[in-house]
Protein chains: 2
Amino acid sequence: MDDFTRKMAQAFDAAPIGMAVSHHRVLDMCNTSFAEMLGYDRANLLGQSFRILYPSHAEFDRVRDIGLKAMEENGSYSDERMMRRKDGVPVWCRFRARTLTPDDPLAHLIMSFAPIRDQLDGAQLTKREREVLSGLSRGLTSKEIGRELGLSPRTIEDVRARLLRKFEVKNTSELLSRMSYARPTN
Amino acid sequence: MDDFTRKMAQAFDAAPIGMAVSHHRVLDMCNTSFAEMLGYDRANLLGQSFRILYPSHAEFDRVRDIGLKAMEENGSYSDERMMRRKDGVPVWCRFRARTLTPDDPLAHLIMSFAPIRDQLDGAQLTKREREVLSGLSRGLTSKEIGRELGLSPRTIEDVRARLLRKFEVKNTSELLSRMSYARPTN
DNA sequence: TGGTTATACGGTATTGATACCGTATACGAT
DNA sequence: ATCGTATACGGTATCAATACCGTATAACCA
């Protein structure tokens, strides 16, 4: 076995960020960080469906199509999403993916997962708030998010208002720049 | 060569995030994302000192000691730092490191680098665009940004429209979620 | 058991964002 | 010299966002 390959494999395994490889949403390989982040032993995780790593079947279905178009075009995609630890505790992650099969993006995916620290200590987001936030980060309007979730646009506006209050921000733009990491630009 | 190792090596190389391995600040291995992020061919990068990847010798010296203590204690460290692309353009990164040699952290380091600005590097933004983006991330309206910069609100709207076109996003919320990367734990 | 919060929805009023139309100057590249 | 882009500004039209008013149910907690 050549040294090059061995070095890369070791770097993958010891990487300071969670990484995983999937084929059609089944985990084919992951590193130690990934398994630790989700509270599993790697041996118990390999070969499993990603379903068990999401909070619900609905969430699992929801995230499937998100980013498919971006991956068909650019080969890569990133967003923020909620994962589910083995003990049930949700983990909010910066998710990045690159596909090796652009024609069928999910066929061979390489992913990285970086846990996001919540802005408010202890103030975790509700399921609805995360769903709405997901739509907002994709640039959807309240009307569009309502359609996606089967709710009235008015309800989405309520959730938005609650998010703005919780994070003490003036509008959605400031909210999204706080949810991710925004530096001053000068 | 076993399949396990081969899979991990491939995942390392095709990872959607820049990764590198160093021995005493000399690059021993990196993946495609890392080389691309910094504008090099991997072949020209391996074996080089990290010095060439920082904006100045002073910065190279400064970052050496940062995080040494954290790595001796936890084995890992992360911050945001400026890297220097081959063409001289600075790139802001979320930097993460794990050492495999806690007694002498720099002896064997595994690192990941995520550009804080994703789709487009910050250098491609004009001064005006950065000024306006700064206001937007603080939740200011076009009118308020105009006051701050001594410009007409209409001009701010022009800059916003240009930003939306450049990044191919639907609105300011999506823009800000693309411009910034997640704030990680630690 | 009452208080708080999340959820869900309706109306209305105001402000903001975005997309067009237009003009004009400046600057760098081909 | 002309093309493209950034800058800067004006008007108008339309849709979205936000802030209020209200009601109602369900969950949880002290």
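In what follows, every chain begins at residue 1, and chains take the letters A, B, ... in the order their sequences are listed.
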Results of side-chain hydrogen bond (donor to acceptor under 3.5 Å, both in side chains) for [X] - residues two or more places apart only:
X       : answer
N171(A) : none
E168(B) : none
S152(A) : none
S173(B) : none

What is the separation between atom [atom1] on [X] and atom [atom2] on [N], rounded to the nearest whole Å?
X       : N       : atom1 : atom2 : answer
I156(A) : dT18(D) : CD1   : P     : 13 Å
L151(A) : dA8(C)  : CG    : C1'   : 8 Å
R160(A) : dA8(C)  : CZ    : P     : 16 Å
L136(A) : dA16(D) : CG    : P     : 14 Å
E129(B) : dA6(D)  : CD    : P     : 6 Å
K127(B) : dC27(C) : NZ    : C1'   : 16 Å
E157(A) : dT14(C) : CD    : C1'   : 13 Å

As a test of reading the structure: which of dA6(D), dA8(D), dT18(C) is closest to the side chain of T126(B), going by heavy atoms? dA6(D)
Which residue pairs pass the salt bridge (charged side-chain N to carboxylate O under 4.0 Å, His left out) test when at least one of the two sits in residues 17-37 of chain B, sequence neighbours left out? K7(A)-D28(B)
Among residues 142-150 of chain B, which contact DNA chain C at a heavy-atom distance under 4.0 Å? S142(B), K143(B)
Does the structure place the NZ or CZ of R84(B) under 6.0 Å from the centre of the six-membered ring of Y54(B), at an angle of no more than 45° from the ring's axis? no
Going by the rule salt bridge (Lys or Arg N to Asp or Glu O under 4.0 Å), which residues pair with R160(A) if we only count those two or more places apart in sequence or in a different chain? none
Using heavy atoms to find the nearest nucleotide of DNA chain C for K170(B) and S152(A) separately, return the residue whose nucleotide is more 5′. S152(A)
Short side-chain N/O contact to dT18(C) OP1/OP2 from T172(B), under 4.0 Å: yes
Residue met sooner reading DNA chain D from 5', once P153(B) and L164(A) are mapped to nucleotides: P153(B)
For D2(B) and T5(B), which I'm curious about, is there any donor-acceptor pair between the side chains at under 3.5 Å? yes
Hey, could you give me each pair passing ring pair (Phe, Tyr, Trp, His ring centres under 6.0 Å) that has a residue in residues 10-43 of chain B? Not counting sequence neighbours. H23(B)-H108(B), F34(B)-F113(B)
Mind listing the N/O atom pairs, protein and nucleotides 21-29 of chain D, below 3.5 Å?
none

